[in-house]
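Have a look at this one before I ask anything.
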There are 2 protein chains.
Amino acid sequence: MGKAYNIMSATCVSRVVLHRIGARWTVFIVNALEAGPMRFTQLKAHIRGITPKALTETLRALETDGLISRTDLGGNPPHVEYALTDLGRSLLVPLRAVRQWAETHVPEITAARERAASR
Amino acid sequence: MGKAYNIMSATCVSRVVLHRIGARWTVFIVNALEAGPMRFTQLKAHIRGITPKALTETLRALETDGLISRTDLGGNPPHVEYALTDLGRSLLVPLRAVRQWAETHVPEITAARERAASR
DNA sequence: CAGTATCCAAGGGGATACTG
DNA sequence: CAGTATCCCCTTGGATACTG
């Protein structure tokens with residue numbers, strides 16, 4: 001790993017990033033926001049199966065790390081918009097690399113699993 | 001996402017890959033094996049803090065997906081070697097992209113967290 | 001609309017001890 | 001050496017209902 005960071009540390013940022021990316025809903029949200037800002041309910045509708053609780057938690061986590069922004073436009077009924085920050089948008093690059101890899105190697109992974117299952 | 005795969009599916013391979021990468025010990029093992037094959041105890045010593053249970057589980061999972069190979073060389077005491085497969089080695093590429101991103105953006109993430117914490 | 005509040009189940013992961 | 005076997009905790013995440 002990079003000499004400046006200790007990958008074994010629980011607080012190592014690489015680790016945290018990996019973990020956040022691997023979290024249940026992160027990529028869905030980041031991906032949804034790639035097209036532009038979205039409101040809470042829009043996201044909930046777009047990401048089928050997510051509960052408000054999970055959506056809130058993931059949004060807060062992403063906001064904490066500066067990957068998305070939350071803008072309260074006030075009014076009644078409320079109007080809140082979530083958007084990718086520049087930092088969040090830059091994350092799309094490595095994310096695409098992973099997805100690319102995953103899609104390229106689906107056959108190999110599937111084959112490996114079937115081999116493992118039939119044993 | 002790629003048109004051929006349904007990312008919302010629980011069994012979507014992209015999802016599983018992300019999850020596996022994000023798992024606690026995966027990157028440690030993959031990274032350790034980059035230098036060459038290793039034995040169980042070598043890995044355990046190299047990856048400080050890992051318990052035999054966690055090591056076994058992660059190795060099995062990686063083997064199931066065809067990312068590493070397990071070779072029993074027999075004998076007594078036993079001699080088992082783990083190595084990256086070609087597939088596993090290819091995973092190093094997107095993994096490096098993520099790490100690169102993480103290390104590049106450490107300052108921004110840290111700053112965002114401190115901003116979030118002081119509120 | 002944009003969330004909170006609860007409750008609950010599953011399992012990931014750690015600590016420790018033991019074995020073929 | 002290369003694992004198993006337990007036990008236990010605690011976080012993640014789902015379901016459901018409610019609110020300013």
Side-chain angles (χ1 to χ4, degrees), chain A residues 7-12 15-29 32-33 37-65 68-83 116 119, chain B residues 7-12 15-29 32-33 37-65 68-83 116 119:
Chain A
I7 198 205
M8 290 309 294
S9 159
T11 55
C12 169
R15 278 269 304 280
V16 179
V17 169
L18 254 346
H19 197 262
R20 184 132 302 165
I21 288 175
R24 183 79 177 78
W25 297 108
T26 300
V27 289
F28 295 164
I29 293 180
L33 293 180
M38 278 202 190
R39 305 172 65 169
F40 189 89
T41 304
Q42 277 182 297
L43 282 168
K44 195 156 71 66
H46 190 84
I47 305 170
R48 309 232 325 166
I50 196 170
T51 61
K53 182 192 164 199
L55 182 53
T56 301
E57 284 171 355
T58 311
L59 286 171
R60 296 277 181 273
L62 292 173
E63 199 192 351
T64 296
D65 280 358
I68 65 171
S69 63
R70 177 185 183 278
T71 310
D72 189 340
L73 300 171
N76 193 308
H79 188 166
V80 178
E81 286 202 335
Y82 293 94
R119 221 175 290 164
Chain B
I7 199 204
M8 289 312 292
S9 160
T11 55
C12 169
R15 279 270 302 281
V16 179
V17 169
L18 255 345
H19 196 261
R20 186 131 302 165
I21 289 176
R24 183 79 177 75
W25 298 107
T26 299
V27 290
F28 296 163
I29 293 180
L33 293 180
M38 279 203 190
R39 304 173 64 170
F40 190 89
T41 305
Q42 278 183 296
L43 282 167
K44 195 155 71 66
H46 190 85
I47 305 169
R48 310 231 325 164
I50 196 170
T51 61
K53 180 191 166 200
L55 182 53
T56 300
E57 286 172 353
T58 312
L59 287 172
R60 296 278 181 272
L62 292 173
E63 198 192 350
T64 296
D65 280 359
I68 65 172
S69 64
R70 178 186 183 278
T71 310
D72 189 339
L73 300 171
N76 194 309
H79 187 165
V80 177
E81 287 204 334
Y82 294 94
R119 220 173 289 164

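Throughout, a chain's letter reflects where its sequence line sits, starting with A, and its residues are numbered from 1. Excluded from the calculations below are hydrogen atoms, water molecules and symmetry mates; all remaining heavy atoms, backbone and side chain alike, are included.
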So, does Y82(B) get its side chain near the phosphate of dC1(D), meaning an N or O under 4.0 Å from OP1 or OP2? no
Problem set entry | Exercise: identify the closest heavy-atom pair between I68(B) and Y82(B) |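 Heavy atoms of I68(B) and Y82(B) come nearest at CD1-CD2, 4.0 Å.
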Taken to the nearest whole Å, NZ/K44(A) to C1'/dT16(D) is 12 Å
Check: Do L43(B) and F28(B) have side-chain heavy atoms sitting under 4.5 Å apart?
Finding: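 Result no, sub-4.5 Å side-chain heavy-atom pair not found.
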L18(A) CG to dG12(C) C1', in whole Å, measures 16 Å
Here the residues of residues 52-61 of chain A within 4.0 Å heavy-atom distance, strictly under, of DNA chain C are P52(A), K53(A), T56(A), R60(A)
A correct dot-bracket answer for DNA chain C, with pairs being Watson-Crick or G-U at under 3.5 Å, [ ] for crossing pairs and | for inter-strand pairs, is ||||||||||||||||||||
I29(B) atom CD1 is separated from dG3(D) atom P, nearest whole Å, by 12 Å
Worksheet entry | Length of the line joining E63(B):CD and dA2(D):P, which is rounded to integer Å |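 My rounded result for the distance is 14 Å.
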*Closer to the 5' end of DNA chain C via nearest nucleotide, is it T41(A) or H19(A)?*
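Of the two residues, T41(A) wins.
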For this session: State whether R70(A) places a side-chain N or O below 4.0 Å from either non-bridging phosphate oxygen (OP1 or OP2) of dG3(C).
Result: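 Yes, within the criterion.
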message = Working to the nearest 0.5 angstrom, can you tell me the gap between I50(B) CD1 and R24(B) CZ?
response =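 The distance works out to 8.0 Å.
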Checklist entry - Would you find a donor on one side and an acceptor on the other, under 3.5 Å apart, between the side chain of T26(A) and the backbone of R20(A)? => result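 Pair found, side chain donor or acceptor close to backbone of R20(A).
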R70(B) side chain to L59(B) backbone, donor-acceptor under 3.5 Å: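 No, the answer is negative, given that no donor and acceptor are paired below the 3.5 Å cut-off.
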(Q) OP1 or OP2 of dA2(D) versus the side-chain N and O atoms of R39(B): is any pair under 4.0 Å? (A)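 Indeed, a polar side-chain atom of R39(B) lies that close.
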Heavy atoms of H19(B) and G22(A) approach each other most closely as CD2-O, 3.8 Å
Quick check for you: to the nearest 0.5 Å, what is the distance between T56(B) atom OG1 and E63(B) atom CD?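 Separation between the atoms: 11.0 Å.
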In terms of heavy-atom contacts, P78(A) and R39(A) come closest through O-NH2, 3.2 Å
Distances under 3.5 Å between protein N/O atoms and the N/O atoms of nucleotides 18-20 of chain D, please, pair by pair.
none

Side-chain contact check for T51(B): nearest option of dC1(D), dG14(D), dT16(C) is dT16(C)
**OP:** Could you work out which one of dG3(D), dG3(C), dC1(C) sits closest to the side chain of P77(A)?
**Re:**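 So the nucleotide nearest the side chain must be dC1(C).
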*Mark yes when over 12 heavy atoms from residues, nucleotides or ligands other than H79(A) sit less than 6.0 Å from its NE2; otherwise mark no.*
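Buried by this count: over 12 neighbours within 6.0 Å.
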Q.
I need the minimum non-hydrogen distance between A54(A) and W25(A), along with the two atoms involved.
A.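 Reported closest heavy-atom pair: CB-NE1, 3.6 Å.
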Measure the distance from CG on L43(A) to P on dG3(C) and round it to the nearest whole Å.
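Distance, rounded to whole Å: 10 Å.
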Between A32(A) and M38(A), the two heavy atoms sitting closest are O-CE, 3.6 Å
Expressed in angstrom and rounded to an integer, what is the separation of R20(B) atom CZ from dG11(C) atom P?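 Going from CZ in R20(B) over to P in dG11(C) covers 14 Å.
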- Message: As an exercise, state the distance from OG1 of T58(B) to NZ of K53(B), rounded to the nearest 0.5 Å.
- Response: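 Those atoms lie 10.5 Å apart.
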